[in-house]
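When reading the values below, keep in mind they use all heavy atoms of this one structure, side chains included, and skip hydrogens, waters and symmetry mates. The residues of the chain are indexed from 1 along the displayed sequence.
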Amino acid sequence: MSRVYNFSAGPSMLPESVLREAQASLPDYQGLGFGVMEMSHRSKPFQDIVQRAEASLRSLMNISDAYAVLFVQGGASTQFAAVPLNLMNGSQSADYIDTGSFAGKAAAEAKKYGTVNVVASSKADHYTHLPVITPDLFHADADYVHITTNNTIYGTQYTTLPDTGKVPLVADMSSNILGKEYDVDQFGLIYAGAQKNIGPAGVTVVIVRKDLLGKAQAICPTMLDYAVQAKDGSLYNTPCCWSIYVAGLVFDWLLAFGGVKAIQQQNEAKAKAVYDYLDNSKLFRGVAAKADRSIMNATFVLTKDELTDEFVKFALSRGLANLKGHRSVGGIRASMYNALPLEGAQALVACMKEFEASHA
Ligand SMILES: *Cc1c(COP(=O)(O)O)cnc(C)c1O
């Protein structure tokens, strides 16, 4: 069996060396005679796995002791509720920037627990760009400001972070965590579902400034209370052991690659190859505004719309899988997360060229 270049938006491609290592240890982890899926989460080998994963992530993102790192469950969508339940504890209001469907869902969920002010939105333009954000948009008494650093469905990303003054910045970083360097100190809280750049679906990473902990709303479920999860080292109950294990392997793969700076350079090279082609093509056209283009998810359309399905099939015949755009947007989306090598993006460009030559 040969592996394809997988452009899936998530769950997405994992490094093959990680899959092979996980496969090899499946029935027998380090000579124990049983695998990680069969191991008590209270056992020493599993404690070592969690601690090592946390240490590797801290090293990759340069996370200081002022922050807790949590491995929780429920995906980013559960964080849409956990964030307000934990942080809407002062004015019980928060500012949200609406840059896509996940950002919209986060705001809608937060409304159940307090006042949500959507201070900027690009919805009217189908989220093809980010709204203009100036410091005066924010409420000084907001408990936090929520952004989505990379808009997976629309293919946009922030190039600079909004200046929120003293108000903690909270980011859904699900689709570009570890794909691009960030200064964690600029955030009050970062959360990310694993299935794009981290590992198998199931585990969700939360990085939260410790001074924000311990003030959850009274109705906050115990499982969603960050202070509880932090106190118990993400082991309040049975965590998703296997996903945490594989995430740890991905972290170590990325460290060996050279870290986030090195992979960001590769991600930028991949994106540049694809966008440069789109900007010079007569058949393909990028959807997102140039200034806000994501280096993780490239969205584009064919000027001859009726050729879209044919192109997706053609690409698959060339070993390029899962290029169809999100069902709500259509067109093509090439998700080029960390595990996709530069050759994958180059193969996509060659494929578009070949298709364009025969369909001009
Ligand atoms: C994929 C994604 C989500 C949804 O994550 P789940 O883990 O499925 O809940 C939320 N936000 C962003 C930015 C995403 O890319």
Side-chain angles (χ1 to χ4, degrees), residues 3-26 29-30 35-39 41 45-61 63 68-79 102 149-150 152 171-180 182 184 190-207 229 233-235 238-260 262-264 266-267 296-297 321-322 335-341 344:
R3 284 175 54 82
V4 297
Y5 289 125
N6 180 3
F7 292 86
S8 171
S12 51
M13 185 164 182
L14 287 167
E16 186 167 343
S17 61
V18 165
L19 295 174
R20 298 284 172 213
E21 187 173 345
Q23 178 187 41
S25 72
L26 200 62
Y29 178 76
Q30 297 190 349
V36 177
M37 285 189 211
E38 310 164 283
M39 185 184 284
H41 59 296
F46 189 73
Q47 304 255 337
D48 289 348
I49 287 172
V50 179
Q51 280 163 18
R52 186 183 164 123
E54 177 176 337
S56 299
L57 182 61
R58 280 186 182 274
S59 155
L60 283 167
M61 294 184 72
I63 304 169
V69 173
L70 314 176
F71 296 111
V72 296
Q73 305 197 52
S77 302
T78 299
Q79 294 309 309
F102 290 122
T149 51
N150 183 77
T152 325
D172 176 357
M173 217 179 259
S174 294
S175 54
N176 73 342
I177 190 169
L178 299 175
K180 180 174 162 19
Y182 281 104
V184 172
I190 292 167
Y191 64 91
Q195 64 273 23
K196 280 103 186 199
N197 260 345
I198 293 177
V203 63
T204 307
V205 168
V206 176
I207 302 163
Q229 296 288 357
S234 303
L235 296 170
T238 316
C240 40
C241 305
W242 171 254
S243 299
I244 293 171
Y245 164 62
V246 180
L249 296 181
V250 173
F251 297 153
D252 291 341
W253 167 82
L254 186 51
L255 283 166
F257 187 90
V260 180
I263 205 100
Q264 177 174 348
Q266 174 168 279
N267 289 335
M296 304 270 72
N297 315 93
N322 299 315
S335 296
M336 301 180 283
Y337 299 118
N338 286 355
L340 184 90

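- Using a 4.5 Å heavy-atom cutoff, the side chains of Ile198 and Val250 are not in contact.
- Partners of Gln264 under the side chain to side chain donor-acceptor pair (under 3.5 Å) rule, at least two apart in sequence or in another chain, are Glu268.
- With rounding to the nearest 0.5 angstrom, the CE atom of Met61 is 5.5 Å from the CG atom of Leu178.
- Listed for the Gln30 side chain is no donor-acceptor partner under 3.5 Å among the backbone atoms of Ser25.
- The SG atom of Cys240 lies 4.0 Å from the CD atom of Gln73; values are rounded to the nearest 0.5 Å.
- The heavy-atom pair separating Pro239 from Ser234 by the smallest distance is CB-O, 3.8 Å.
- When atom types are taken as modelled, the side chain of Asn197 and the backbone of Asn338 share a donor-acceptor pair closer than 3.5 angstrom.
- Distance check, rounded to the nearest 0.5 Å: CD1 of Ile49 to NE2 of His41 gives 13.0 Å.
- Between Phe251 and Ala53, the closest heavy-atom pair is CD1-O, 3.4 Å.
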**OP:** For side-chain hydrogen bond (donor to acceptor under 3.5 Å, both in side chains), just list the numbers for Tyr337 and Asn297, CA-CA rounded to whole Å, side-chain angles, deciding distance to a tenth of an Å, and then say yes or no.
**Re:** CA-CA 8 Å; Tyr337 299 118; Asn297 315 93; 3.0 Å; yes
**OP:** Please step through side-chain contact (heavy atoms from CB on, under 4.5 Å) for the pair Phe46 and Val50, ending with a clear verdict.
**Re:** CA-CA 6 Å; Phe46 189 73; Val50 179; 3.1 Å; yes
Tell me which donor-acceptor pairs under 3.5 Å the side chains of residues 6-17 have, and how far apart each pair is, sequence neighbours excluded?
{"unit_1": "Asn6", "atom_1": "OD1", "unit_2": "Ser8", "atom_2": "N", "d": "2.9"}
{"unit_1": "Asn6", "atom_1": "OD1", "unit_2": "Asn322", "atom_2": "ND2", "d": "2.8"}
{"unit_1": "Ser8", "atom_1": "OG", "unit_2": "Gly10", "atom_2": "N", "d": "3.3"}
{"unit_1": "Ser8", "atom_1": "OG", "unit_2": "Pro11", "atom_2": "O", "d": "2.7"}
{"unit_1": "Ser12", "atom_1": "OG", "unit_2": "Gln195", "atom_2": "O", "d": "3.1"}
{"unit_1": "Ser12", "atom_1": "OG", "unit_2": "Lys196", "atom_2": "O", "d": "3.0"}
{"unit_1": "Glu16", "atom_1": "OE2", "unit_2": "Arg20", "atom_2": "NE", "d": "3.3"}
{"unit_1": "Glu16", "atom_1": "OE2", "unit_2": "Arg20", "atom_2": "NH2", "d": "2.9"}

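- Scanning for ring-ring contact (aromatic ring centres under 6.0 Å, His included) contacts around Tyr29 gives Tyr245, with sequence neighbours left out.
- By the side chain to side chain donor-acceptor pair (under 3.5 Å) test, Thr149 is found to be paired with Asn176, residues two or more places apart in sequence or in another chain being considered.
- Residues satisfying the side chain to side chain donor-acceptor pair (under 3.5 Å) criterion with Asp172, sequence neighbours excluded, are Ser174.
- Taking Glu54 as the reference, Arg58, Val69, Phe71 meet the side chain to side chain contact (heavy atoms under 4.5 Å, CB included) condition, with sequence neighbours excluded.
- Between the CE atom of Met173 and the NZ atom of Lys180 there is a distance of 9.0 Å, given to the nearest 0.5 Å.
- Applying the side chain to side chain contact (heavy atoms under 4.5 Å, CB included) rule to Gln47 yields the partners Gln51, Leu235; only residues at least two apart in sequence or on another chain are considered.
- Across all their heavy atoms, Gly179 and Asn267 have their closest contact at O-ND2, 3.0 Å.
- To the nearest 0.5 Å, atoms CG (Leu19) and CZ (Arg3) are separated by 5.0 Å.
- Under the side chain to side chain donor-acceptor pair (under 3.5 Å) criterion, Tyr5 pairs with no residue, sequence neighbours left out.
- The two residues Ala192 and Ile177 come nearest to each other via the heavy atoms CB-CG2, 3.8 Å.
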Subject >> Verdict with reasoning, Thr152 to Met296, per side-chain contact (heavy atoms from CB on, under 4.5 Å) >> reply: CA-CA 8 Å; Thr152 325; Met296 304 270 72; over 6 Å; no
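- Residues satisfying the ring-ring contact (aromatic ring centres under 6.0 Å, His included) test with Tyr182, not counting sequence neighbours, are Phe187.
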**OP:** Test Glu21 against Trp253 for side-chain contact (heavy atoms from CB on, under 4.5 Å), laying out the working first.
**Re:** CA-CA 11 Å; Glu21 187 173 345; Trp253 167 82; over 6 Å; no
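- Checked against side chain to side chain contact (heavy atoms under 4.5 Å, CB included), Ala321 has the following partners two or more places apart in sequence or in another chain: Val4, Leu316.
- Pairs of residues two or more places apart, or lying in two chains, that qualify as salt bridge (Lys or Arg N to Asp or Glu O under 4.0 Å) and include a residue from residues 243-252 are Arg52-Asp252.
- Side-chain N or O atoms of Ser243 include one that pairs as donor or acceptor with a backbone N or O of Ala201 at under 3.5 Å.
- Inter-residue side-chain proximity for Val184 and Ile207 is flagged as met; some heavy-atom pair is nearer than 4.5 Å.
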Original post:
Run the side-chain contact (heavy atoms from CB on, under 4.5 Å) check on Leu255 and Leu60 step by step: do they pass?
Top reply: CA-CA 7 Å; Leu255 283 166; Leu60 283 167; 3.5 Å; yes
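- Cys241 is not listed as a side-chain neighbour of Met39, based on a closest heavy-atom distance of 4.5 Å or more.
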